[in-house]
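Here the structure is laid out as structure tokens; the discussion comes afterwards.
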Number of protein chains: 2
Amino acid sequence: MLSESRCRRYAESVRLSGGVEAALHCCVVLTAATEPVPAARLAELHGVSATYLAKHLQALSRAELVHSVQGKSGGYVLTRPPEEITTLDVVEAVEGPAPTFVCAEIRQRGPMAAPPEACTAPCAITRAMIAADRAWRAALREVSIADLGRSVAQDYESDVLGQIVGWLAPAEH
Amino acid sequence: MLSESRCRRYAESVRLSGGVEAALHCCVVLTAATEPVPAARLAELHGVSATYLAKHLQALSRAELVHSVQGKSGGYVLTRPPEEITTLDVVEAVEGPAPTFVCAEIRQRGPMAAPPEACTAPCAITRAMIAADRAWRAALREVSIADLGRSVAQDYESDVLGQIVGWLAPAEH
DNA sequence: ATAACTCGGATTCATAATGTCCGAGTTGAA
DNA sequence: TTCAACTCGGACATTATGAATCCGAGTTAT
């Protein structure tokens, strides 16, 4: 609320949805958690809408990145060790696997349209965009959730994750 | 119109606006043009909305990538040799310079919020996203408009650009 | 001097992300 | 065994953003 004006700079179009950031934060927290964590608790911890975060956690669940435990003391748990979950996995789970660039096949339109037979391969522009898309994804694939957790720990030089886990499972068990 | 169903696959979020593709096609065409080309003509050539394309060409003009010539036989001309215009230049001109990821500073929210003093540097998640963003931009920067023109020429093994330029300046001069 | 043609910015419409709700299912305890 | 509480899951409004459009200012060739 207070830092809203500083952070929510409007972007024009290539912006990544905000849900991705929340989902990544949740994954990092789940790295340290030892019991299932409910979506509502994660939302309170991060100060975001509970129902909205739930939506994105469901996406992670569908992508098999987290496993949902139902029932009274249920919640979410990582399905794999955090070393085997990449940032790209999370981004694709939340944003969908669609590429950043979808070719509208402009070359096949208008009076000088290229014949469909000549358009089996993507056009030069599309190739350039695809290459950039691949570079982006490759960079995201290089960073695992475990890496993120380690970086967070280094940043603050105190066991923040441990403190958070402590907060997640209070006396009211 | 005919190839609509095949191309316009819906993407979820990280999609690049369609204007980028049109703008790039225009730049490639302008590579070969020897006289100013009006926006309306470019729109007809590519089979897209004239007024909408105009909007994006204005963005290119604002970014100093093309120069607008007013008056009766006016239109758009590239300001620099195509070797000195990168694909990234066009993308940033149309999409805006905003990064793909804007950090909402989740770490400063909620009951375990980090103090603002500890948040001078971007968080680990943001750093990973910025790195990916840089990789994406670097890939786009590698490809110039001139490169795109050459690739197009190779793809079709006939002087398509020449034919297009011929169509652009018909008898009605 | 004129008239036609150009670009430029302000405006409206549609799509998609954001945020919310309630129902189905499961678990733990009584 | 029963019950009750708590969990996730998908379907539903709302709002912000991009897509598409229009008309006015300026310039140039006639």
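So you know, we letter chains A, B, ... as the sequences are listed, proteins then strands, and number each from 1. Only this structure's heavy atoms are used, side chains among them; waters, hydrogens and symmetry mates stay out.
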Backbone N/O of [Y] and side chain of [X]: donor-acceptor pair under 3.5 Å:
| X | Y | value |
| --- | --- | --- |
| B:Thr100 | B:Asp133 | no |
| A:Ser68 | A:Tyr76 | no |
| A:Arg41 | A:Leu168 | yes |

Salt bridge or not between A:Glu64 and A:Arg62? Use side-chain N to carboxylate O under 4.0 Å.
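No salt bridge links A:Glu64 with A:Arg62.
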Apply the test salt bridge (Lys or Arg N to Asp or Glu O under 4.0 Å) to residues A:Arg127 and B:Asp155: give CA-CA distance (whole Å), side-chain angles for both, the deciding distance (0.1 Å), then the verdict.
CA-CA 12 Å; A:Arg127 290 199 298 269; B:Asp155 282 351; 3.2 Å; yes
Are B:Leu24 and B:Leu148 close enough, and set up right, to give a side-chain contact (heavy atoms from CB on, under 4.5 Å), and what steps lead you there?
CA-CA 9 Å; B:Leu24 282 169; B:Leu148 289 178; 4.3 Å; yes
Taking atom [atom2] of [N] as reference, at what distance in whole Å does atom [atom1] of [X] sit?
| X | N | atom1 | atom2 | value |
| --- | --- | --- | --- | --- |
| B:Leu60 | C:dG9 | CG | P | 13 Å |
| A:Glu95 | C:dA16 | CD | P | 14 Å |
| B:His56 | C:dC7 | NE2 | C1' | 16 Å |
| A:Leu57 | C:dG19 | CG | C1' | 15 Å |
| A:Leu42 | D:dT7 | CG | C1' | 13 Å |
| A:Glu21 | C:dT18 | CD | C1' | 15 Å |
| A:Gln58 | D:dT7 | CD | C1' | 11 Å |

Distance, nearest 0.5 Å, that separates CD1 of A:Ile145 from CG of A:Leu78
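So the gap between those two atoms works out to 8.0 Å.
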For A:Ile85 and A:Cys27, run side-chain contact (heavy atoms from CB on, under 4.5 Å): C-alpha distance rounded to whole Å, both residues' side-chain angles, the deciding distance at 0.1 Å, then the answer.
CA-CA 9 Å; A:Ile85 301 179; A:Cys27 286; 5.6 Å; no
Which parts of residues 43-55 of chain A get close to DNA chain C, meaning a heavy atom less than 4.0 angstrom away?
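Heavy-atom contacts with DNA chain C come from A:Ser49, A:Thr51, A:Tyr52, A:Lys55.
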Just to be sure I understand the rule, does B:Gly19 reach a base, reach only the sugar-phosphate, or reach nothing, if contact means heavy atoms closer than 4.0 Å?
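Contact class for B:Gly19: none.
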Using a 4.0 Å heavy-atom cut-off, does A:Ala39 contact any base of the nucleic acid, only the sugar-phosphate backbone, or nothing at all?
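It contacts sugar-phosphate atoms only.
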Passes side-chain contact (heavy atoms from CB on, under 4.5 Å), A:Arg80 versus A:Asp89? Steps please.
CA-CA 12 Å; A:Arg80 296 180 246 162; A:Asp89 290 330; 4.0 Å; yes
Using a cut-off of strictly less than 4.0 Å, decide whether A:Ser68 has a side-chain nitrogen or oxygen near OP1 or OP2 of D:dG9.
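Yes, because at least one side-chain N or O of A:Ser68 sits under 4.0 Å from OP1 or OP2 of D:dG9.
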side-chain N/O A:Arg62 vs D:dG10 OP1/OP2, d < 4.0 Å
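For D:dG10, OP1 or OP2 has a side-chain N or O of A:Arg62 closer than 4.0 Å.
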Only one of B:Cys119, B:Cys123, B:Pro116 forms a side-chain contact (heavy atoms from CB on, under 4.5 Å) with B:Glu105, so which one is it?
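Among B:Cys119, B:Cys123, B:Pro116, the one meeting side-chain contact (heavy atoms from CB on, under 4.5 Å) with B:Glu105 is B:Cys119.
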Using Watson-Crick and G-U wobble pairs whose two distances are both under 3.5 Å, how do you write the pairing of DNA chain D as dot-bracket, with | for links to another strand?
||||||||||||||||||||||||||||||
Pull out every protein N or O sitting under 3.5 Å from an N or O of nucleotides 24-29 of chain D, one pair per line with the distance.
from, atom 1, to, atom 2, distance (Å)
D:dT27, O4', B:Gln70, OE1, 3.4

Evaluate the side-chain contact (heavy atoms from CB on, under 4.5 Å) criterion for residues A:Arg137 and A:Glu92: first the C-alpha distance (whole Å), next the side-chain angles of each, then the deciding distance (0.1 Å), finally the verdict.
CA-CA 9 Å; A:Arg137 290 185 144 80; A:Glu92 289 190 335; 3.0 Å; yes
